[in-house]
Amino acid sequence: QVQLVESGGGLVQAGDSLRLSCAASGRTFRNYAMGWFRQAPGKEHEFVAGISSGGGTTNYADSVKGRFTISRDNAKNTAYLQMNSLKAEDTAIYSCAAGNAPTNLRARYDYWGQGTQVTVSS
């Protein structure tokens, strides 16, 4: 089992930045690819970004390319999502997940955190 706990969400204004963290415990963090997904009210889950186990490969949704950066620190068992130039449409609950590839497919992720709320006011 891998336990994931997100933090760093909050209420910000459009154009601001936030950094989300995903702290992992349990099985070896460095063996897992990590992903971030989000769900806005009334909408489906949406892939945001993914990173391979070693950090050498990243994958982003078109909607966040150039604004968001995913990273990880395997020594700290933590993944991050740096979000810049936030927009009102980025408002959602953001969840991290651990799986076997940095894919946009939710089914490829085995472990999920509870999520953290990000609200961007326009």
- For the hydrophobic clusters of this structure (ILVMFWY residues joined by side-chain heavy atoms under 4.5 Å, transitively), does one cluster hold both Ile70 and Trp112? no
- Task: Decide yes or no for Val48 and Tyr94: does some side-chain heavy atom of the first lie under 4.5 Å from some side-chain heavy atom of the second?
- Result: yes
- Report the distance from atom CD of Glu44 to atom CZ of Arg106, rounding to the nearest 0.5 Å. 9.0 Å
- Task: Please state whether the rings of Tyr109 and Phe37 are parallel, tilted or perpendicular, taking 30° and 60° as the class boundaries.
- Result: perpendicular
- Just how far is it from atom CG of Leu86 to atom OG of Ser122, taken to the nearest 0.5 Å? 12.5 Å
- Task: Answer yes or no: is there a side-chain heavy-atom contact under 4.5 Å between Phe47 and Thr103?
- Result: no
- Item | Closest approach of Ala40 to Ala92 (non-hydrogen atoms, all atoms of both residues) | N-CB, 3.8 Å
- Given side chain to side chain contact (heavy atoms under 4.5 Å, CB included), test Ser63 with Glu46 step by step and report yes or no. CA-CA 10 Å; Ser63 59; Glu46 177 189 17; 3.3 Å; yes
- Item | For Val118, the option from Leu11, Asp90, Thr91, Leu20 that meets side chain to side chain contact (heavy atoms under 4.5 Å, CB included) | Leu20
- Message: Do Glu6 and Trp36 have side chains that approach each other closer than 4.5 Å (heavy atoms only, starting at C-beta)?
- Response: yes
- Between Pro102 and Arg108, is any pair of side-chain heavy atoms under 4.5 Å apart? no
- d(Ser21 OG, Lys76 NZ) to nearest 0.5 Å is 9.5 Å
- Item | Test: Arg19 cationic atom under 6.0 Å from Tyr80 six-membered ring centre, within 45° of axis | yes
- Taking the side chain as every heavy atom from C-beta outward, state whether Phe29 and Met34 have any atom pair closer than 4.5 Å. yes
- From Ser52 OG over to Asn100 CG, what is the distance, rounded to the nearest 0.5 angstrom? 12.0 Å
- Message: Would you say that Thr57 contacts Ile51 through its side chain, given a criterion of any heavy-atom pair below 4.5 Å between the two side chains?
- Response: no
- Is any side-chain heavy atom of Tyr60 closer than 4.5 Å to a side-chain heavy atom of Thr69? yes
- Message: Tell me if a side-chain donor or acceptor on Asn74 pairs with a main-chain N or O of Ser53 at a distance below 3.5 Å.
- Response: yes
- Enter the distance from Gln3:CD to Gln114:CD here, rounded to the nearest 0.5 Å. 11.5 Å
- Note on the structure: dist Gln13:CD -> Thr119:OG1 (nearest 0.5 Å) comes out at 13.0 Å
- Message: Set out, in order, the CA-CA distance, both residues' side-chain angles and the distance that settles side chain to side chain donor-acceptor pair (under 3.5 Å) for Asn84 and Ser17, then state yes or no.
- Response: CA-CA 4 Å; Asn84 298 330; Ser17 298; 2.9 Å; yes
- Message: Evaluate Val64 against Arg38 for side chain to side chain contact (heavy atoms under 4.5 Å, CB included), listing each step before the verdict.
- Response: CA-CA 12 Å; Val64 306; Arg38 66 187 182 186; 4.1 Å; yes
- Query: Do the side chains of Arg67 and Lys87 get nearer than 4.5 Å, heavy atoms only?
  - Reply: yes
